[in-house]
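Numbers restart at 1 for each chain; the letters A, B, ... are given by sequence-line order, proteins then strands. No experiment lies behind these values; they were computed from the predicted model shown.
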2 protein chains.
Amino acid sequence: MTGVDGNGQTTGRVTMQQVAAEAGVSVSTVSKVINARYGVAPETFEHVTGVINRLGYEASLVARSLRNTRTNVIGVLVADFEPFSTEVLKGVADAIRGTGYELVAYSAGGRVDEHVGWERRYLSRVMGTLVDGAVIVTPTVTDVQYDGPVVAVDPHTGRSSLPTVAADNLQGARIAVDHLIELGHRRIGMVTGRPDLVSAQLREQGYRDAIHAAGLRVDEDLLALGAFDPEQAREAARALLTLPDPPTAIFAANDISALATLDVAVELGIDVPGAVSVVGFDNIPESALAHPPLTTVHQPMRQLGRDATAMLVALIAGEEIDDTHITLDTTLVRRRSTASLEVPS
Amino acid sequence: MTGVDGNGQTTGRVTMQQVAAEAGVSVSTVSKVINARYGVAPETFEHVTGVINRLGYEASLVARSLRNTRTNVIGVLVADFEPFSTEVLKGVADAIRGTGYELVAYSAGGRVDEHVGWERRYLSRVMGTLVDGAVIVTPTVTDVQYDGPVVAVDPHTGRSSLPTVAADNLQGARIAVDHLIELGHRRIGMVTGRPDLVSAQLREQGYRDAIHAAGLRVDEDLLALGAFDPEQAREAARALLTLPDPPTAIFAANDISALATLDVAVELGIDVPGAVSVVGFDNIPESALAHPPLTTVHQPMRQLGRDATAMLVALIAGEEIDDTHITLDTTLVRRRSTASLEVPS
DNA sequence: TTGCCTTTGGAAATCGTTATCGACAACGAT
DNA sequence: ATCGTTGTCGATAACGATTTCCAAAGGCAA
C-alpha cells in the first residue's frame, strides 16, 4: 500500500518515520523542522524541508490531535446532511475563512435514531481530541450539558443550557399569518408541527397571536397535526381541505408540510392560490421549485452558521460572552402560492 | 473543564480512564466491554455498561483511529464548501446511509491556494488514520498519485490517474447550444472558462461541435474569455454585447459567468430573453432565483457523489472495478432566460 | 591539553485506545 | 493434597506525532 517510486514520490500514506529515514535524521528533528522549533542547523532544516516537500508529507491530523490540546480544527456536528444543516455548514465555512481554523463536518449518517442523545455522544467522540470546539446543528434534546466550547444552532428546542443561535420562530409565524390576513383571508388553517418541539409550539403560538391581533378568533377545527412528517402532513392537509367550510388559506409549520399541502390540493383539484393560499416555513431550496413556487418564511440559515461560529471562536479564545442566546429575525419570501382572497359573489 | 456532577453526569469530555475509575475496573476491561470481547463476567459487563451510559461516554474517534487500521469512516475532502461540493456531499451522505460508515467532511477553509497540490496533503493528513477512504471533490491538479482507496469527483480535469466520476462536459455544452439553435439563433456567442481546465476546454469544444453540426461556422469574435471568474466574465459579456453586430444568444461556460452576463445585460438595458438569450452551465441554486430564472445545464451533482461513494466502498472492500472512470450525462433545465429568436422585420 | 559552554540531534514519555498475554482465583478431577 | 483447567481481569506494548530532557560534538579560552 505504501511505497516510494523512482523520484522519491510516495504513493500512499507518509509518516514522519519515513521522512526521517529518507532524510537520515531522527523523527524529533523532523518534528522540530515542521514546527519551526529552535535547535536545528539551517542546512539540516533546508534538507529536511526538501524531503518533506518531495514526499508530500503532512502530519496526520489524528496523531497530532491526540498529543496536542489545540488542534485548530472546528467541528460541525450534524445528524444528517439535509438542506438546513448544509446551509448552516456553508455559513460556518464563511465565518471560518481567514481565522486559521480548519473545518470538519461529522455525521454518523442515519444511525442517529438509535440513541436520542446523539449530540452528547458525538461530542464525546470528537471534542478534546479532534476539534477545539463544535457547532451542533439541530439537537433533539434540550438538556445537553457540556462545558467545553460548544454552540448549538437550534431551530427546534427552546433555551437550552448550551449557547444557542436560532431563528425567531414566533416572529416568523407572525409575519406569515399577517401576510395572509393582509391578503384578506379570514379563515386561515394551520398544519401544525411536532408538538414536542419548541419550534412547532412557537410557530403555532405565532399563528394564534396573529389571528388574535387581527381581532379574529381561532377556530380549533382549522388546526390539524402535521408533525413535520410528509405523510402525516398530507393527511392533515386533506382533512382541512375537505372540510364543509374549508379555509381559504393554510399556514404550514414547515416547507415539507406546505409542499405536501400543495400536493393534496392538486389531487383534490383545488387551485393554489386561486382557491386556497399556502404559506410554508424554512425556505428550503425545493420550495422555490414547487408549482406554484411557495411563499414561505426564510430562516437565515447561513447567518445562523456565521453567528454560531463567531461565538464559538470567541468561546475557544476564552472570551466572556454577554449573551449566549442569539435570536435572528426571519423574513417573508413572497412567491406565487399566496394571493388576495377573491370576494365571493 | 471536565468534572462529574452529583448524578455522575459528566460535563465535558469523558475518557476511558474516567469510566474505568468510576466503575472500579481497568481500562482494558472497559475496552473489552465496549468492543464486546470475550472474557468479561456478565455482571461486570452490566455494571460497566451502566457507567458508560450514565457518563455518556463514547470512544474518541481520534484515539481509536490511531490504534486501528479500520475506522469505518469515509472522508470527503473539499477545497471549500461551495454549492458544487456541498451537493456532492449530500450525494455521499445518501449513498452512505445504511452502509455502517460514518462521514467526515474536511476542508482547510481557504488556505488552499497556498499550495496547488492540496489534495495530496489532505490525503496525507487523514488517510490511513482518520478515514478508510476518501472522495476528493474538485481537485486542481491532474497528476495525483495515491494508491489507497480514493475517488475523485472531478468536474474540471481530464482522465486522471485516480478513479474519477464526472459529468459529461462535452455533451452538456452540446445540448445547451443545440437548444439555442433550435430556438432559431444563428449568432451564438460564448463566454469561455479557464483555459487550463479540461472542463472549460470540453465545454468550448461542445459549443464548436454544436455549431458545426448545424452547418454553421464558428465566428472567433464571438468567443470571449470569462475564466470562470465573475469580474472577468462581466468584461467578456460586455465585450460581446457591445459588438456592432452582437450575438442573439450567449452560452456561458458556467452559471457564475451566466449570472454575470445577465447583470451586464441589465446595465446595458438589453432585455433577456427578448433581445438576447443566455444559457449557463452547472445549475447552481442561485440560477433558479435569477431574473429571469436561468436556463442552464444541470450537472447531476448528488448522483456524482452517490456513484463516487459506491465506487469508494467497493474499493475499500477490495473489489475489482472494471471501469474506474464514470461519466454521467447532463440535462438541460429550461427556464426563462432563453426564447425563440424574433425574426427581424 | 583540559575544561566549559554552546549547538545540535536523539531517547523517552505522552495522548486515548486496543490487542496480546500473563496472573490469579476457583474449581473439579485424580 | 496436588495438578490442570477455566474464567476473569489487569499490565503492557503499540499506533504517529510532539515535547522535554539529556548526551554528544564542536568551539573557544586558559
Side-chain angles (χ1 to χ4, degrees), chain A residues 1-2 10 12-21 23-48 51-52 55 57-73 121 123-132, chain B residues 1-2 10 12-48 52 55 57-73 121 123-132:
Chain A
M1 192 97 131
T2 299
T10 58
R13 177 167 50 104
V14 191
T15 73
M16 218 162 101
Q17 301 263 5
Q18 296 173 25
V19 175
V25 296
S26 74
V27 281
S28 28
T29 304
V30 178
S31 175
K32 284 179 193 168
V33 168
I34 289 170
N35 299 88
R37 289 278 174 283
Y38 172 82
V40 179
E43 59 184 32
T44 309
F45 187 94
E46 204 72 27
H47 173 59
V48 173
V51 174
I52 288 173
L55 300 190
Y57 169 81
E58 183 107 349
S60 158
L61 198 57
V62 165
R64 175 174 279 179
S65 298
L66 191 55
R67 184 53 166 77
N68 295 347
T69 319
R70 278 299 289 270
T71 60
N72 286 321
V73 176
R121 308 192 90 94
L123 285 174
S124 190
R125 296 202 77 166
V126 299
M127 280 287 292
T129 49
L130 185 56
V131 303
D132 292 338
Chain B
M1 191 97 132
T2 297
T10 58
R13 176 168 49 104
V14 192
T15 72
M16 221 163 97
Q17 301 263 5
Q18 296 174 24
V19 175
E22 179 82 8
V25 296
S26 73
V27 280
S28 349
T29 303
V30 178
S31 174
K32 283 177 195 165
V33 169
I34 288 170
N35 299 89
R37 290 280 175 282
Y38 173 80
V40 180
E43 59 184 33
T44 309
F45 187 93
E46 204 70 27
H47 174 58
V48 174
I52 288 173
L55 300 190
Y57 168 81
E58 184 108 349
S60 160
L61 198 59
V62 165
R64 175 172 278 180
S65 298
L66 190 56
R67 188 57 168 72
N68 295 345
T69 319
R70 278 296 290 270
T71 60
N72 286 323
V73 176
R121 307 191 90 93
L123 285 175
S124 190
R125 295 202 78 166
V126 298
M127 280 287 291
T129 48
L130 185 56
V131 302
D132 291 339

Inset, instruction - Measure the distance from CD on A:Q17 to P on C:dA11 and round it to the nearest whole Å. - result: 11 Å
Inset, instruction - Counting heavy atoms from C-beta on, name the nucleotide in D:dC9, C:dG9, D:dG10 closest to the side chain of A:V40. - result: C:dG9
Legend entry - Residue-phosphate contact under 4.0 Å: A:N35 side-chain N/O, D:dT18 OP1/OP2: yes
Legend entry - Spacing of A:I34 atom CD1 relative to D:dT19 atom P, expressed in whole Å: 11 Å
Legend entry - Separation of D:dC15 C1' from B:L61 CG (nearest whole Å): 15 Å
Legend entry - Atom-pair distance (CE on B:M127; C1' on D:dG16), nearest Å: 16 Å
Inset, instruction - Would you kindly give the CG-to-C1' distance between A:N68 and D:dT20, to the nearest whole Å? - result: 14 Å
Legend entry - Any B:S60 side-chain N or O less than 4.0 Å from OP1/OP2 of C:dG16: no
Legend entry - B:S26 or B:T129, whichever maps to the more 5' nucleotide of DNA chain D: B:S26
Inset, instruction - Tell me whether the OP1 or OP2 atom of C:dT18 has a side-chain N or O from B:R37 closer than 4.0 Å. - result: no
Inset, instruction - Write down the distance between NZ (A:K32) and C1' (C:dA12), rounded to a whole number of angstrom. - result: 13 Å
Inset, instruction - Measure the distance from CD on B:E58 to P on C:dT18 and round it to the nearest whole Å. - result: 11 Å
Inset, instruction - Scan side-chain atoms only and decide if B:T29 and B:S26 contain a donor-acceptor pair under the 3.5 Å cut-off. - result: yes
Inset, instruction - Answer yes or no: is there a donor N or O on one side and an acceptor on the other, between the side chain of A:S124 and the main chain of B:Y57, under 3.5 Å? - result: no
Legend entry - Any B:R67 side-chain nitrogen or oxygen under 4.0 Å from OP1 or OP2 of C:dG16: no
Inset, instruction - Please determine if a side-chain N or O atom of B:S28 lies less than 4.0 Å away from the OP1 or OP2 oxygen of D:dG10. - result: no
Inset, instruction - Ignoring backbone atoms, establish whether B:Y38 has a side-chain N or O less than 4.0 Å from OP1 or OP2 of D:dG7. - result: yes
Legend entry - Nucleotide of D:dG16, C:dA19, C:dT8 approaching A:A41 most closely (side-chain heavy atoms): C:dT8
Legend entry - Whole-Å gap separating C1' (C:dT17) and CD1 (B:I52): 13 Å
Legend entry - Selected nucleotide, minimal atom distance to B:R13 side chain, candidates C:dT7, C:dG16, D:dT18: C:dG16
Inset, instruction - Report yes if a side-chain nitrogen or oxygen of B:Y57 is closer than 4.0 Å to either non-bridging phosphate oxygen (OP1 or OP2) of C:dT17; otherwise report no. - result: yes
Legend entry - Nucleotide nearest B:M16 when distance is taken to its side chain, options C:dG10, C:dT17, D:dC9: C:dT17
